[in-house]
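I have placed the structure first, in the form of C-alpha cells, so that the comments after it can refer back to it.
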Amino acid sequence: MLLALFSILFLLIGLAIGAAAGITAGRRSVGDPAVHAAQVAARAVAEAVGQERSIARQEHDDALRRAVEHVAVVARQQLGAGLDAGRHDVEHVGQSVRAELDRLGALVHQLGQRSAEQLGRVEAGLRAQTELTASLSASTQALREALANPKSRGQWGERMAEDVLRLAGFIEHVNYEKQRAVEGGTGLPDFTFQLPKGHQLFMDVKFPVASYLRYLEAESDSDRLRHRDTFVRDVRLRVKELADRRYPAQSKAPAVDYTLLFLPNETISAFIHEHDPELVDLALQQKVVICSPLTLFAFLG
C-alpha cells in the first residue's frame with residue numbers, strides 16, 4: 001500500500017516537472033500552469049495519504065476486533081471448562097455434605113430417643129418423689145394435729161413405750177400391766193412392771209411437746225429462747241406431778257422407790273439434757289428417773 005502511494009507521488013512530481021519544462025520552451029497562456037499542476041499533485045498526494053490512513057485504521061480496527069473476538073471465544077471455552085470442573089466438584093462436595101447431614105440426623109434422632117427415655121425416667125422419679133413428699137407432708141400434718149391433742153399425745157407415747165417393751169421381750173399380763181391401779185392405793189400409773197420377788201416398778205408416759213414444737217417453729221431468737229424456757233418449765237412440772245403421785249408409797253406390795261418418767265422421743269430427751277442439765281439430778285432427788293426409748297430399753301434389760 002505504501003509502495004503504490006509512493007509510485008503515485010513520483011508520477012505526479014514527474015508530470016509537474018514535465019509541464020514546467022513545456023511551458024518554458026513555448027509561450028505561456030493565461031495563468032501559471034506549473035503552479036496549478038503542483039497544487040493538483042499536492043492535493044492528490046494528500047487525498048492518497050488520507051485514504052491510506054483510513055484504510056490502515058480500518059484494517060487495525062478489524063484486526064483488533066478479530067483479536068478481541070478470539071480472546072472472548074478462548075475465555076468462554078476456558079470458563080466453560082472451569083464451570084464443568086467446578087460443577088463436578090460442587091456435586092461431589094454436596095454429596096459429602098448430604099451424607100454427613102444424614103449421619104448427623106440419625107445421631108440427633110438417637111440422642112432424642114435417649115433423652116426422651118431419660119426424661120421419662122426422671123419424670124417418673126420426680127412424680128414418685130412428689131407423691132412421697134405429699135404423703136410425708138400429710139403424715140407430718142396428721143402427726144402434728146394428733147400431737148396438738150394432749151390425749152392423743154399420751155396414746156402415742158404409750159404406743160412408743162409398748163414398742164420398746166416388745167423389743168425387750170416383755171409380754172403384757174406377764175411382765176407388765178397397763179393402766180392398772182396401785183394395789184391398796186388410788187394412783188393409776190401407765191405401766192406397772194412385775195419384778196422378781198414380787199416387787200413392782202411404776203412408769204408414767206409424759207410428752208410435753210407443745211412448747212417444743214413452738215420452739216422449732218419460732219422465727220426469731222427471742223421467740224425460740226422464750227419457748228425453750230417454757231418447755232423446760234413444763235418438763236419440770238411433769239416431774240413434780242409424778243413425784244407427788246407417790247405410787248410406791250401407796251402400794252401395799254413391795255415397790256421400787258423410784259418411778260420412771262418416759263419421754264417417747266430421743267431428740268426431746270437430748271434437748272432437755274442439753275438445755276437443762278440440772279433437771280436429771282432434780283428429778284432423782286424427787287425419786288423420778290427420766291428415760292428415753294434407748295435408756296428404757298437399758299433399764300428393762
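Counting heavy atoms from C-beta outward, Leu279 and Val232 have side chains that stay 4.5 Å or more apart. You'll find the side chain of Phe231 reaches within 4.5 Å of the side chain of Ile272, heavy atoms only. Between Lys197 and Pro254 the shortest side-chain heavy-atom distance does not fall below 4.5 Å.
For Asn265, the side-chain contact (heavy atoms from CB on, under 4.5 Å) criterion is met by Phe207, Thr267, Ile268, not counting sequence neighbours. For Arg226, the salt bridge (charged side-chain N to carboxylate O under 4.0 Å, His left out) partners two or more places apart in sequence, or in a different chain, are Asp223. Residues that satisfy the side-chain hydrogen bond (donor to acceptor under 3.5 Å, both in side chains) test with Arg246, not counting sequence neighbours, are absent from this structure. Considering only residues two or more places apart in sequence or on other chains, Arg159 meets the side-chain contact (heavy atoms from CB on, under 4.5 Å) condition with Asp163, Arg166. Looking at residues two or more places apart in sequence or on another chain, you find a ring pair (Phe, Tyr, Trp, His ring centres under 6.0 Å) between His275 and Phe271. For Asp257, the side-chain hydrogen bond (donor to acceptor under 3.5 Å, both in side chains) test picks out no residue, with sequence neighbours left out. Partners of Leu225 by side-chain contact (heavy atoms from CB on, under 4.5 Å), not counting sequence neighbours, listed by chain and number: Arg228, Asp229. For Phe262, there are no ring pair (Phe, Tyr, Trp, His ring centres under 6.0 Å) partners two or more places apart in sequence or in a different chain.
Applying the side-chain hydrogen bond (donor to acceptor under 3.5 Å, both in side chains) test to residues at least two apart or on different chains, the pairs with a partner in residues 202-211 are Asp204-Arg245, Asp204-Tyr247, Ser211-Arg214, Ser211-Asp234.
The distance from the CG atom of Leu261 to the OG atom of Ser269 is 9.5 Å, given to the nearest 0.5 Å. Atom CZ of residue Arg238 and atom CZ of residue Arg233 lie 11.0 Å apart, to the nearest 0.5 angstrom. Interatomic distance, Gln200 CD to Glu177 CD, rounded to the nearest 0.5 Å: 9.5 Å. Taking CE of Met203 as the start and CG of Leu300 as the end, the distance is 7.5 Å to the nearest 0.5 Å.
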Atom pairs and distances, side-chain donor-acceptor, residues 178-194, under 3.5 Å, sequence neighbours left out:
from, atom 1, to, atom 2, distance (Å)
Lys178, NZ, Glu162, OE1, 3.3
Lys178, NZ, Glu162, OE2, 3.4
Gln179, NE2, Glu158, OE2, 3.1
Gln179, NE2, Asp190, OD1, 3.0
Asp190, OD2, Val205, N, 2.7

Show me, pair by pair, the donor-acceptor contacts under 3.5 angstrom made by side chains of residues 281-294, not counting sequence neighbours?
from, atom 1, to, atom 2, distance (Å)
Ser292, OG, Glu266, OE1, 3.1
Ser292, OG, Glu266, OE2, 2.9
Ser292, OG, Thr295, OG1, 3.3

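Applying the under-4.5 Å side-chain rule to Ile, Leu, Val, Met, Phe, Trp and Tyr, the cluster around Val174 extends to Ile171.
Taking each heavy atom of Pro248 and Ala255 in turn, the nearest pair found is CA-CB, 4.1 Å. Residues Arg224 and Ala218 come closest through the heavy atom pair NH1-O, 3.1 Å.
Cluster membership for Val280 and Leu237, using ILVMFWY side-chain heavy atoms within less than 4.5 angstrom, is not shared.
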Practice task
Please assess Leu165 against Asn175 for the test side chain to side chain contact (heavy atoms under 4.5 Å, CB included), listing each intermediate value before the final yes or no.
Solution key: CA-CA 9 Å; Leu165 296 179; Asn175 305 108; over 6 Å; no

